[in-house]
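All ligand and atom numbering here is 1-based and tracks the order in the structure. Keep in mind that this is a model prediction, so the values were computed, not measured.
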Amino acid sequence: MIKNEYLRKLYAECAVKNQDEPEFLQAVNLFLKSVDSVVDHLPSLLESGVLPRLLEPERVIIFRVPWVDDGGRVQVNRGYRIQYNSAIGPYKGGLRFDSSVNLSIMKFLSFEQTFKNALTGLPLGGGKGGADFSPAGKSDGEIMRFCQSFISELYRYIGPGIDVPAGDLGVGAREIGYMFGYYKKIVNRFEGAFTGKGISYGGSFARPEATGYGLCYFTEEMLNRYCNESLSGKRVIVSGSGQVGSNAAVKAARLGAKVVAMSDIDGVIYHPNGLETELVHKIKTNRESITLYCPHNPAVQYFAPPAQLWRIPCDVAFPCATQNEIDLAAAKDLVKGGVKVVCEGANMPTTPEAIDYLIDNNILFGPAKAANAGGVAVSGLEMTQNVSAYPWTFNEVDEKLKLIMKNIFKKIDETAKRFNKPENLVFSANITGFLKIYEAMAAQGVV
Ligand code: NDP
């Protein structure tokens, strides 16, 4: 419940304006609840007019994406790019290709991205985009034709210093390659208009690993600061074994954790003595089902559907698949199973009721805005390498990533202490990112 009358009115207006956008309203509501706790400390905030502007994206682009399938039939999808906020830098955020993509999901993701990017300490504004197109089951040729059609429209709105997209769910190195290639052909310039590119044409080492590795570095900071412990020896479960999940699992295992269970869209694999995370990574990089792991170890148990994962006893849970995958029932299962830390690899994977339940039960909770910011941080480093035309080694990028994650944790931990909400990182991640954007928007006048 939002207590401040002005903020309550703001939310009510936003809810009327965006009635069919539940995910966007969920993100706005959580954000305003955090602002509610600090509004008395920031007397100029309400007069500044920053908040109503922040609840409206700067630009929403929706476009038709026609393409021809392998059978010669014309298919039509809907493409999106939300250029949410450019107060601290050019729009930056991934592209998602998935049948679930709609305006609400695009707006919630770009809203969240705006605060996340502010937390990295890099000059990155917030954006997000994608299409209601799922690459699963499509041939390479179909995916290439789709990506080319998508870029034949989007190219006019993006570019270095303007808007620099990257990957997200359903958009990996293959899709970025097709989109970058077509963009370069149309604009006739080789420039860093995308991140997540292949190493041979301007990509950064450690970009594919960055979100998952960053999640582990952030979790190590939490465990260290609040429990004087580390990931070593902890039982970890990971949902989703895509770019984020499989790299988080590999890194957690390298840091000494026992990754006992992982899932994909099909189901869950479980072994109480720990899974071979590098093998799961290899299977999923080949875009195969996690069930292919089972023949390698007969002692592994397999369950379906994937939501069974949350019933498995663990110390640390990394939700790395999709939004709202941990609901109240799953949160209760996690607490029953002895979880100590939940750290979000995916964007908004935990429902508000589940977050409240976990925090009320003294579970350490790492919100996505902070915990999964490693990906966009290394995207920022890729932009720097592209501008300077000087690539860094894997270790150089990884060291910078570690430092960025450490600094994000330090900043939000300080904000939590400053506003007397120790260990409430949901609140402090929202407020730390917001204060930076607020200062920039207030300084730049009403634009
Ligand atoms: P991928 O497409 O690479 O992987 C997604 C994974 O989740 C796949 O393994 C997929 O299964 C699985 N999955 C999908 N739905 C479910 C479900 N209901 N239950 C269990 N598993 C499921 O995406 P990413 O790893 O890139 O992104 C995952 C999340 O992380 C998204 O929320 C994204 O926004 C967020 N994120 C990603 C960043 C990045 O750098 N890539 C940066 C920050 C956030 P299958 O393989 O069978 O399809």
Side-chain angles (χ1 to χ4, degrees), residues 23 27 92-101 105-106 108-110 112-113 116-117 119-120 124 126 128-130 134-137 165-176 195-196 203-204 206-215 218 237-250 261-269 280-281 283-293 303-310 317-327 330 343-350 367-380 382 401 405:
E23 292 85 0
K92 180 89 198 88
L95 296 170
R96 173 176 292 195
F97 290 169
D98 190 76
S99 51
S100 65
V101 162
I105 289 182
M106 293 286 98
F108 117 68
L109 287 167
S110 56
E112 295 283 290
Q113 191 80 43
K116 181 189 310 190
N117 293 0
L119 284 177
T120 64
L124 303 170
K128 200 85 186 185
S134 175
D168 189 66
L169 218 104
V171 178
R174 172 181 56 175
E175 290 76 15
I176 293 286
T195 59
S204 173
R207 175 60 189 89
E209 293 83 359
T211 310
Y213 282 24
L215 179 68
F218 187 87
I237 61 172
V238 184
S239 73
S241 35
Q243 194 175 91
V244 180
S246 66
N247 282 299
V250 165
M262 293 178 72
S263 66
D264 72 359
I265 197 95
D266 292 330
V268 181
I269 51 171
V280 180
H281 182 269
I283 292 170
K284 294 307 298 183
T285 305
N286 291 338
R287 299 193 186 89
E288 290 178 306
S289 168
I290 208 164
T291 52
L292 254 78
Y293 183 92
F303 314 104
Q308 300 270 355
L309 178 79
W310 312 118
F318 287 150
C320 298
T322 191
Q323 64 271 1
N324 291 332
E325 52 177 316
I326 300 184
D327 57 11
C343 216
E344 297 184 318
N347 285 312
M348 208 168 77
T350 320
K369 268 186 203 93
N372 76 14
V376 74
V378 171
S379 277
E382 183 174 328
L401 168 66
M405 298 313 293

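For the pair Ile269/Val280, a side-chain contact is recorded, criterion being any heavy-atom separation below 4.5 Å from C-beta on. Contact annotation: the side chain of Met405 never approaches that of Tyr213 to less than 4.5 Å [non-hydrogen atoms, C-beta and beyond]. Residues Leu309 and Glu325 are not in side-chain contact: their nearest non-hydrogen atoms beyond the backbone lie 4.5 Å or more apart. Asn372 places none of its side-chain heavy atoms less than 4.5 Å from the side chain of Glu344. For the pair Lys369 and Glu112, the minimum side-chain heavy-atom distance is below 4.5 Å. Residues Gln323 and Phe108 meet the side-chain proximity criterion, which asks for heavy atoms closer than 4.5 Å.
Here the protein heavy atom with the shortest distance to atom 40 (O) of ligand 1 is Thr211 OG1, 2.7 Å. The nearest heavy-atom contact from the protein to atom 15 (N) of ligand 1 is Ile265 CD1, 3.3 Å. Taking atom 30 (O) of ligand 1 as the reference point, the nearest protein heavy-atom neighbour is Ala346 CA, 3.4 Å. Remark: minimum distance from atom 4 (O) of ligand 1 to any protein heavy atom is reached at Gly242 CA, 3.2 Å. Protein heavy atom at the shortest distance from atom 3 (O) of ligand 1 is Gln243 N, 3.0 Å. Among all non-hydrogen protein atoms, the one lying nearest atom 2 (O) of ligand 1 is Gly170 N, 3.2 Å. Of all protein heavy atoms, the one lying nearest to atom 29 (C) of ligand 1 is Ala321 O, 3.4 Å. Of the protein's non-hydrogen atoms, the one nearest atom 12 (C) of ligand 1 is Gly240 CA, 3.8 Å.
When heavy-atom distances to ligand 1 are checked against a 4.0 Å cut-off, Pro306 comes that close only through its side chain, counted from C-beta outward. Only the side chain of Arg207 comes within 4.0 Å of ligand 1, judged by heavy-atom distances. Looking at Arg96 against ligand 1, only its side chain comes within 4.0 Å, counting heavy atoms.
Of the polar atoms of Ser241, at least one N or O is found under 3.5 Å from an N or O of ligand 1, judged by distance alone. Considering backbone and side-chain N/O atoms, Gly245 never comes within less than 3.5 Å of an N/O atom of ligand 1. Distances between N or O atoms of Asn347 and those of ligand 1 include at least one value under 3.5 Å. On a distance-only criterion, Asp168 and ligand 1 share at least one N/O pair closer than 3.5 Å.
Cys320 counts as a contact of ligand 1, since one of its heavy atoms falls under 4.0 Å from the ligand. In this structure, Lys284 has a heavy atom closer than 4.0 Å to ligand 1.
For the pairing with Asp168, the side-chain contact (heavy atoms from CB on, under 4.5 Å) check across Gln113, Gln243, Glu175, Arg96 returns one residue only, Arg96. Of the candidates Ser263, Ser246, Pro306, Ser241, Ser241 is the only one forming a side-chain contact (heavy atoms from CB on, under 4.5 Å) with Ile290.
Legend: residues meeting ring-ring contact (aromatic ring centres under 6.0 Å, His included) with Phe218, ordered by chain and number and at least two apart, are Phe409.
For the 3.5 Å distance criterion, the side chains of Asp266 and Thr291 fail to qualify, holding no donor opposite an acceptor.
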